[in-house]
Amino acid sequence: LEIIFMETLQPSQHPITPQNSVNEPKRLRAGEGVSWFTDSWRIFSKNKFKWMGAIILVSLIPLFVGFLFGLLGIESPPADFNDFTSTIIIRELLFNLFFYWLGFCFLGGIVLLAAQTAQGKNFNFGSLFAGFSIKKSGAFLILLLLSIVVCLLLALAVVIPFSIFANGNFLRADFMPAFPILFIILLVIIAIYSMMFWLAPAFVMLEDMNPVAAIKASFNACRRNIPALLVYGLIWLGIGIAFWFIFMIVMISAFATEASIQQSTALSGPFLILFFIFLLITYLVLYPVAMIGIYTAYRSIFPQGRLNKY
């Protein structure tokens, strides 16, 4: 009997693992923000022409959808002006919601494609449409609606107090000193909004998380890695400033010459064509690198994924 009793006290050889266990986000050093960018560039450069083709495809489909929306509006003209106004508003609202929903779904596909190519798998254009499955597309729609609601709430949190303080007149002389404070608050709100939704598409697409949990996980991960986020943001800020200077140089070269107006017009054509090509190539390169950065940051903060896979 004593032996039997002692055996019942022995711990189980197969302990039950909690099914809801999650991995906490790593707290990374600030320099990891540089790695997010370089890793994104490395993933892009391995299949650069395919990535460019994917971005062209992702960009053309919403344009085609917008063209179809326009045709629908032409084929069914409203009866009077009031109907015309309400029809335009409803149509534009639905189109914009649909447009941004397409963007969220395609973003999920880009994140999935980045994960696959980073793991050495072949570049599969079909992965771009993985976000349009019934489950994922519904989750991305909810994520989109939540992003709109949060954006409105954060905006109201700034506008209402300042409107009361300024008595509806933001141009009052005694209100001018408050503009720097308002600017800082706006930056903080933009940062909070970005932290909530930056990594959320990766959690929805790769971890199969519900949108609310994805938003919480994204904010928590970003909150613990603000130094790396600042470095990563400064990299993109530097790129933006560099391209702004390039833009200004091209415009000055095209329009501010010492030649005559006719010669200046003749010179501006080639400059503008080259500049348009430059912008197109820049878009096809930097846009996918920025989107891939969502995956590289997510994988850096959660090397094993956020949800433990048992």
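For this chain, numbers begin at 1 and follow the sequence in order.
- In terms of heavy atoms, A221 sits closest to P25 at CA-CB, 3.9 Å.
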Listing, residues 232-246 side-chain donor-acceptor contacts under 3.5 Å, not counting sequence neighbours, or none:
from, atom 1, to, atom 2, distance (Å)
Y232, OH, W236, NE1, 3.2

**OP:** Assess whether side chain to side chain contact (heavy atoms under 4.5 Å, CB included) is satisfied between L57 and F129, documenting all intermediate values.
**Re:** CA-CA 11 Å; L57 180 63; F129 302 93; 3.9 Å; yes

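- Scanning for side-chain contact (heavy atoms from CB on, under 4.5 Å) contacts around V150 gives L154, Y193, M196, F197, with sequence neighbours left out.
- For the salt bridge (Lys or Arg N to Asp or Glu O under 4.0 Å) condition, no pair includes a residue of residues 105-118, sequence neighbours left out.
- For W101, the ring-ring contact (aromatic ring centres under 6.0 Å, His included) partners are F98, F132, not counting sequence neighbours.
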List the atom pairs, donor and acceptor, that lie under 3.5 Å between side-chain atoms in residues 276-291 and the rest of the protein, sequence neighbours left out.
from, atom 1, to, atom 2, distance (Å)
T282, OG1, F278, O, 2.7
Y283, OH, S59, OG, 2.7

Original post:
So I148 and C151, side chain to side chain contact (heavy atoms under 4.5 Å, CB included) or not? Walk me through it.
Top reply: CA-CA 5 Å; I148 296 173; C151 183; 5.7 Å; no

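- Nearest approach of S40 to T296, heavy atoms of both residues: OG-OG1, 3.0 Å.
- When all heavy atoms of A130 and M205 are compared, the closest pair comes out as CB-CE, 3.4 Å.
- Between E207 and Y298 the shortest side-chain heavy-atom distance falls below 4.5 Å.
- Using a 4.5 Å heavy-atom threshold, the side chains of F44 and M52 count as touching.
- By the salt bridge (charged side-chain N to carboxylate O under 4.0 Å, His left out) test, R223 is found to be paired with no residue, residues two or more places apart in sequence or in another chain being considered.
- Residues satisfying the salt bridge (charged side-chain N to carboxylate O under 4.0 Å, His left out) criterion with K50, sequence neighbours excluded, are absent altogether.
- Atom CD1 of I134 has 12 or fewer neighbouring heavy atoms from other residues, nucleotides or ligands inside a 6.0 Å radius.
- Applying the 4.5 Å side-chain rule to ILVMFWY residues, one finds L153 in the same cluster as V149.
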Original post:
Between K136 and D208, does a side chain to side chain contact (heavy atoms under 4.5 Å, CB included) hold up when you go through it step by step?
Top reply: CA-CA 8 Å; K136 300 295 185 184; D208 202 24; 3.1 Å; yes

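- Taking the six-membered ring where tryptophan is involved, the planes of F95 and F99 are tilted, since the angle between them lies from 30° to 60°.
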Could you give the side-chain donor-acceptor pairs of residues 105-122 under 3.5 Å, partners two or more places apart or in another chain?
from, atom 1, to, atom 2, distance (Å)
Q116, OE1, S127, OG, 2.7
Q116, NE2, S127, OG, 3.4
T117, OG1, L113, O, 2.9
T117, OG1, A114, O, 3.1

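- Between the CG atom of L187 and the CD1 atom of I192 there is a distance of 11.0 Å, given to the nearest 0.5 Å.
- With sequence neighbours left out, the salt bridge (charged side-chain N to carboxylate O under 4.0 Å, His left out) criterion links R27 to no other residue.
- A distance of 12.0 Å separates OG in S137 from CG in L144, rounded to the nearest 0.5 Å.
- The shortest side-chain heavy-atom distance between F64 and I61 does not fall under the 4.5 Å cut-off.
- Of all the heavy atoms in F125 and G53, the pair that sits closest is CE2-C, 4.1 Å.
- Note: S194 OG to I189 CD1 = 11.5 Å, rounded to the nearest 0.5 Å.
- For D39 and R299, the salt-bridge test fails: no basic side-chain N is under 4.0 Å from an acidic carboxylate O.
- Residues E24 and F302 come closest through the heavy atom pair C-CE2, 3.9 Å.
- Closest approach of L199 to S218, counting heavy atoms only: N-OG, 3.0 Å.
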Subject >> Verdict with supporting geometry, W36 and V231, side chain to side chain contact (heavy atoms under 4.5 Å, CB included) >> reply: CA-CA 10 Å; W36 296 349; V231 171; over 6 Å; no

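- Grouping Ile, Leu, Val, Met, Phe, Trp and Tyr by side-chain contacts under 4.5 Å, direct or through others, leaves I190 on its own.
- Taking CZ from R29 and CG from N225, the interatomic distance works out to 11.5 Å, rounded to the nearest 0.5 Å.
- The closest side-chain heavy-atom distance from S147 to F104 is below 4.5 Å.
- With sequence neighbours left out, P227 forms a side-chain contact (heavy atoms from CB on, under 4.5 Å) with A30.
- In this structure, the side chain of N47 does not engage the main chain of F123 through any donor-acceptor pair within 3.5 Å.
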